[in-house]
Amino acid sequence: MDHRIRSLSEFSQTYEKSVENPEAFWEDIANSFRWRKKWDKVLKWDFKGPDVKWFINGKLNITENILDRHLETRGDQTAILWEPNDPDEQYQKISYKELYEKVCQFSNAMKANGIGRGDRVIIYMPMVPEAAVAMLACARIGAVHSVVFAGFSANALADRINDCEAKMVLTSDGNFRGAKTIEVKSVVDEALEKSSTVEKVIVFQRTKTPVTMKDGRDIWWHEAIDGVSLENEAEEMDSEDLLFILYTSGSTGKPKGVVHTCGGYMVYTYYSFLNVFQYDEGDIYWCTADVGWITGHSYIVYGPLLAGATTMMFEGVPTYPDAGRFWHACDKHKVNQFYTAPTAIRALEAHGLEPLEPYKLDSLKVIGSVGEPINEEAWHWYHLNVGKGNCPLVDTWWQTETGGIMISALAGITPVKPAHASLPLPGIQPIIVDREGKELTGRNIQGNLCVKFPWPSILRTTYGDHERCRQTYFSAYENLYFTGDGAKRDHDGYLRILGRVDDVINVSGHRMGTAEVENAIDEHPKVIESAVVGYPHDIKGQGIYAFVIAEGEGIEEEVRKTITELIGPIAKPDKIQLVKGLPKTRSGKIMRRILRKIASGEVADLGDTSTLLNPEIVEDIKSGKV
Ligand code: PRX
């Protein structure tokens, strides 16, 4: 089974074929997997519903394709290579055989604790191999996992538990992050005071942080697996059964649970992984994301393991014990493909070249970027100093909703251009439209980025609220999936992503809904109203700027605390400006365009303010008057 494209001409031919007959194209790839029963029909779709189904009536278990299928050919090969937070702690190599056993054993343990097909399980864990084991064990028994980034607060965790009515939480005592040890279990305890559906909590011991274990509810991971069988018969799933829910921010206040299903997600993450990174047998691949985000799902766990790769998982942070940690780990493990976020690159760039000096980085073949537009300056720094000028740099554009990489160069196969995601992958049909939804063809054009044909890992719904899915992604333009991003096709025909065109900001590669942050700020008893916008930030890409109307003065720190409690430290504004009013239209809508300009320091040209209900407020805000 090798669906790796190996030349530019093969890419062009494959792309053409994939667009002419997408069903035959994807069917060929799906055929290389282990199915209990093949599909009756490849695809049924309608973007109006939306109603998209791939490999209809196909039966499978994704973990049989990750584990059982690889036992004979690569049982002893390392599946997960784990590099701990502390470089002096022993790293771990878990072979495919060992991973198989760990997953089977934990599957049995979960079943013994009441979890079965269709139940929702929240995973709130640090970057330890057990987090991947937890995800795969859920998939094996047909439970639906929802990983929540362990930096989210108890409130944010409770919201997600409640939204999906989770029956179990998998967590740890604590989390090592750089020089800090963070409490994790106590956050879960607090969240569970606000939710009633969780029956059992399994706690992995990592930091030996003292925790309270609630009788009848909480079990230690090591006790749950003690003496449990290493064999487990995987549950037979339908291709369209839920594999996982992943919550992501949108332009309304409440995060939505993006739903991915078994068959299509399997086919697409495998195919895109293999082709974008041009993974060779025996390579060591490292993606620095956290499993709490979609990148961690698709390109640490599912894609690489489906392809039989060795995937490295890193527990720590790029600057611990020093700013050379990434490069140290690359040399130590002879990493061949390295995939990270522009924000990490910019943060490391700020430390200069000294941290790189002790390292050769000569094992690297491919470097990648994900999460936000990579500016040209950071692109060149990364390409020259990390890739030594000879590794293709793949700038991969995609989203939680797309499940896998959609627009990217294939490393070493298709040309790269700084700051351009470049070309769509085979099977992906992006188009750029104007405001009315008219397709803009040709070159040197700019507009909103849509996709006109389904691909196997497109989101199927937003959990518990299908109408929201329709509204958000399928109602802006008829028969198109709307990404929420703006894009440009340049004179060479390459795509460049311009960033969000909705009220979503991208902070350090993480999506943050401005409404979500505003809702949190407004919870503070002294706050009357707030408006949040993004502004250019040297390291984070975008920073969070909050304009707040409040009673009294000096409440900035309290507001930050409220946000940390309600969402988590990642949503804390970089700047808070107390104001006495917000610029509003006559219909009462906040004019964010003006606030965005003020936040970005572009006060000279604020555009037309005459239609405002309260134009005088603009001068006050500009001058910082409260
Ligand atoms: O605005 C785009 C930006 O990140 C958004 C998706 O965020 P999320 O679902 O959290 O997934 C991030 C990881 C896939 C997109 O709508 N984005 C992601 N990758 C790029 C990007 N913008 C520009 N270039 C990219 N390579």
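First listed ligand is number 1; within each ligand, the first listed atom is number 1.
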Assess the side chains of [X] and [Y]: does a donor N or O sit below 3.5 Å from an acceptor N or O?
X: Tyr299; Y: Ser272; value: yes
X: Glu240; Y: Thr261; value: yes
X: Ser600; Y: Tyr545; value: no
X: Tyr382; Y: Thr340; value: no

(message) Is the distance from the ring center of Tyr247 to that of Phe152 below 6.0 Å?
(response)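 No, too far apart.
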(request) Kindly say whether the aromatic ring centers of Tyr481 and Phe474 come within a distance under 6.0 Å. (result)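 Yes - the distance between ring centres of Tyr481 and Phe474 falls below the 6.0 Å cut-off.
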Hey, which atoms in ligand 1 end up nearer than 4.0 Å to a heavy atom of [X]?
X: Asn506; result: 3 (C), 4 (O)
X: Val370; result: 13 (C), 14 (C)
X: Ile497; result: 22 (N), 23 (C)

(message) Tell me the closest heavy-atom pair linking Arg346 and Lys540, and the distance in Å.
(response)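 Closest approach of Arg346 to Lys540: NH2-C, 3.3 Å.
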Looking only at distances, please establish whether an N/O atom of ligand 1 is found under 3.5 Å from an N/O atom of [X].
X: Asp395; result: yes
X: Arg500; result: yes
X: Gly371; result: yes

Among all protein heavy atoms, pick the one closest to [atom] and tell me residue, atom and distance.
atom: atom 13 (C) of ligand 1; result: Thr295 OG1, 3.5 Å
atom: atom 7 (O) of ligand 1; result: Arg511 NE, 3.4 Å
atom: atom 23 (C) of ligand 1; result: Pro373 N, 3.1 Å
atom: atom 15 (C) of ligand 1; result: Asp485 OD2, 3.1 Å
atom: atom 6 (C) of ligand 1; result: Trp398 O, 3.7 Å
atom: atom 25 (C) of ligand 1; result: Glu372 O, 3.5 Å

(message) Looking at non-hydrogen atoms alone, which of Ile405, Thr396, Leu246, Leu495 comes nearest to atom 26 (N) of ligand 1?
(response)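 Residue with the shortest heavy-atom distance to the ligand atom: Thr396.
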I need the contact type for [X] against ligand 1. Using non-hydrogen atoms and a strict under-4.0 Å cut-off, is it side chain, backbone, both or neither?
X: Ile374; result: neither
X: Gln399; result: both
X: Thr400; result: both

(message) Are there over 12 heavy-atom neighbours, none belonging to Lys417, within less than 6.0 Å of that residue's NZ?
(response)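 More than 12 heavy atoms, drawn from other residues, nucleotides or ligands, come within 6.0 Å of this atom.
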(message) Quick test of your reading of the model: are Arg511 and Glu516 salt-bridged, counting only N-O distances below 4.0 Å?
(response)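 Not counted as a salt bridge, because no side-chain N and carboxylate O are separated by less than 4.0 Å.
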(message) Testing Phe47, Phe25, Trp45 one by one against Phe453 for a ring pair (Phe, Tyr, Trp, His ring centres under 6.0 Å), which residue passes?
(response)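 Between Phe453 and the candidates, ring pair (Phe, Tyr, Trp, His ring centres under 6.0 Å) is satisfied uniquely by Trp45.
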